[in-house]
Amino acid sequence: MPTLLYNALIRANHIAGLTHKSLLLFTQMLSNQVPPNSYTFPPILKSAATYPPHLGTALHSQVLKRGVLSDPFIQTTLVVTYSRNNRVDHAWKVFVEIPFFCVVACNAMLNAFCTNGDIEGALSLFERMPNRDVVSWTTIVNGFALNGSYEAAIRLFGMMMAHKDVVDCLVKPNEATFVSVLSSCANLDSRAALDCGKQVHGYIVMNEVNLGIFVGTSLINLYGKMGCLNYAVNVFDRMVSREVCTWNAMISSLASNGKEKESLDMFEKMKVEGLQPNSITLVAVLTACAHGNFVREGLELFRSMSRDFKVVPIMQHYGCVIDLLGRAGHLQEAADIIRNMPFQPDASVLGAFLGACRIHGAIELGEEIGRKMLKLQTEHCGQYVLLSSMNAEKERWDRAANLRKDITEAGIQKIPAYSMVHLT
DNA sequence: TTAGGGTTAG
């Protein structure tokens, strides 16, 4: 079989997600002494990115050996592969060897910085790039979002729209750009962020941008988070095609806006339409059950989800079901589930339980689980609280307040309040 | 035949 056929097969398997098969074909190719060429490596390197890093490195040596390292497609793919292996240092080494400023390679490197948490590195490269296209802008907007700087992401999107960039003044956003900025808006909690999201929506409508799965789902998520349920429903109804994530966003929006019954109805409708609920769907539906006090339905769903939907419960599902039982006062049942969990419960599960114990005055049960929680979280929470108190003693109020904020953000805010555990 | 950016989670 000639090189060309191997290349086609490797690529086809890579696209189909059969990364193992595509790697196997490559080894077969070598053992049959069919020489790989520059077309062989991009798909095989991307397949390798899903495996431990040494595979990528081994393929890098093959690239060298076959004398195709100067191929720009291979160089860019190497940057991507090392980045996905969290080796941004190796990605950079490959990148600096690329002789000409190529916008695609720069974008790959930009994304390498962004996905590895080096937003300063990304920004520095972004500012030095001689050319920036819509992918560059989207990557940096999304990079800020990935690193939690949603305001900065929105600001950069604004710069792009206002053509503030002297070099590149004709960049038009596309669907990926909208998705990044809408997601940033949804992660904020201000009127300004909602207004920004609405403006983006307006732009989408005015410019007759296709309301595809990604944009539609992002809009539903934004409006759902901001409490604008009518807008979310409106977008959902207007969409021509919907996927599981679209339904998930709609079910979550209804569940968190007091429409628990409608949320469950939506879940039924989704199943009727032949869609397979996934792990996220079940988190959303269990949330609806917890908020709507549908104890029996929620518990039934939780117990049958592995069988009916092939979704094995993870921490979040346990969190929901403990919340569900806890709110309704079924503390003994909740404690049984915690005791029999196949993995250690985290602070969110135990926190939900302790909250319920406090509300329902179940001191003994609370103590048992509280001890378990302290044991798990001592270094985490204890150190934070201690640090916070020490700062307060020295009148470093701002630092003390920041640490307290960290505790809240880590989702373990219930621990310091649970002083009865310390008394035992 | 080949390279870069995107959605949903108590």
With a 4.0 Å cut-off on heavy atoms, is [X] in touch with a base, just the backbone sugar-phosphate, or nothing at all?
X: V283(A); value: sugar-phosphate
X: S38(A); value: base
X: C106(A); value: nothing

Provide, to the nearest angstrom, the distance between the [atom1] atom belonging to [X] and the [atom2] atom belonging to [N].
X: L59(A); N: dT2(B); atom1: CG; atom2: C1'; answer: 15 Å
X: F26(A); N: dT2(B); atom1: CZ; atom2: P; answer: 19 Å
X: H14(A); N: dT2(B); atom1: NE2; atom2: C1'; answer: 11 Å
X: I213(A); N: dT8(B); atom1: CD1; atom2: P; answer: 14 Å
X: I220(A); N: dT8(B); atom1: CD1; atom2: P; answer: 12 Å
X: L222(A); N: dT7(B); atom1: CG; atom2: C1'; answer: 12 Å
X: F214(A); N: dT7(B); atom1: CZ; atom2: C1'; answer: 5 Å
X: M109(A); N: dG5(B); atom1: CE; atom2: P; answer: 13 Å

Are the aromatic ring centres of [X] and [Y] under 6.0 angstrom apart?
X: H201(A); Y: Y223(A); value: yes
X: Y6(A); Y: F26(A); value: no
X: W247(A); Y: F267(A); value: no
X: F113(A); Y: F126(A); value: no

Residues [X] and [Y] bridged, charged N to O under 4.0 Å:
X: K93(A); Y: E97(A); result: no
X: D195(A); Y: R191(A); result: yes
X: E297(A); Y: K261(A); result: no

So for [X] and [N], does any side-chain atom that can act as donor or acceptor lie under 3.5 Å from a complementary atom in the base?
X: N174(A); N: dG5(B); result: yes
X: T139(A); N: dG5(B); result: no
X: Y39(A); N: dT1(B); result: no

Tell me which residues in [range] lie within less than 4.0 Å of DNA chain B, going by non-hydrogen atoms.
range: residues 62-81 of chain A; result: P72(A), F73(A), T76(A), T77(A), V80(A)
range: residues 238-267 of chain A; result: C245(A), N248(A), S252(A)
range: residues 323-331 of chain A; result: none
range: residues 3-13 of chain A; result: L4(A), N7(A), R11(A)
range: residues 175-203 of chain A; result: E175(A), A176(A), T177(A), V179(A), S180(A), S183(A)

Rounded at 0.5 Å granularity, tell me how far [atom1] in [X] sits from [atom2] in [Y].
X: D308(A); Y: K271(A); atom1: CG; atom2: NZ; answer: 7.5 Å
X: I220(A); Y: L254(A); atom1: CD1; atom2: CG; answer: 10.0 Å
X: L9(A); Y: S22(A); atom1: CG; atom2: OG; answer: 10.5 Å

Quick one: is K225(A) getting a side-chain N or O under 4.0 Å of the dA9(B) phosphate, OP1 or OP2?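 Answer is yes, contact under 4.0 Å.
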Is N221(A) near enough to dT8(B) that one of its side-chain N or O atoms lies under 4.0 angstrom from OP1 or OP2?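 For dT8(B), OP1/OP2 do have a side-chain N/O of N221(A) under 4.0 Å.
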Please tell me if the side chains of [X] and [Y] come closer than 4.5 Å, counting only heavy atoms from C-beta onward.
X: S183(A); Y: N221(A); value: no
X: L275(A); Y: R242(A); value: no
X: H317(A); Y: S279(A); value: yes
X: I338(A); Y: L350(A); value: yes
X: L23(A); Y: L55(A); value: yes

Taking atom types as modelled, find out whether N248(A) and N278(A) have a side-chain donor-acceptor pair closer than 3.5 angstrom.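 Yes, N278(A) and N248(A) have a side-chain donor paired with an acceptor closer than 3.5 Å.
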Could you tell me which residues satisfy side chain to side chain contact (heavy atoms under 4.5 Å, CB included) with K46(A), sequence neighbours excluded, listed by chain and number?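 For K46(A) the side chain to side chain contact (heavy atoms under 4.5 Å, CB included) partners, ignoring immediate neighbours, are H14(A), T77(A), R84(A).
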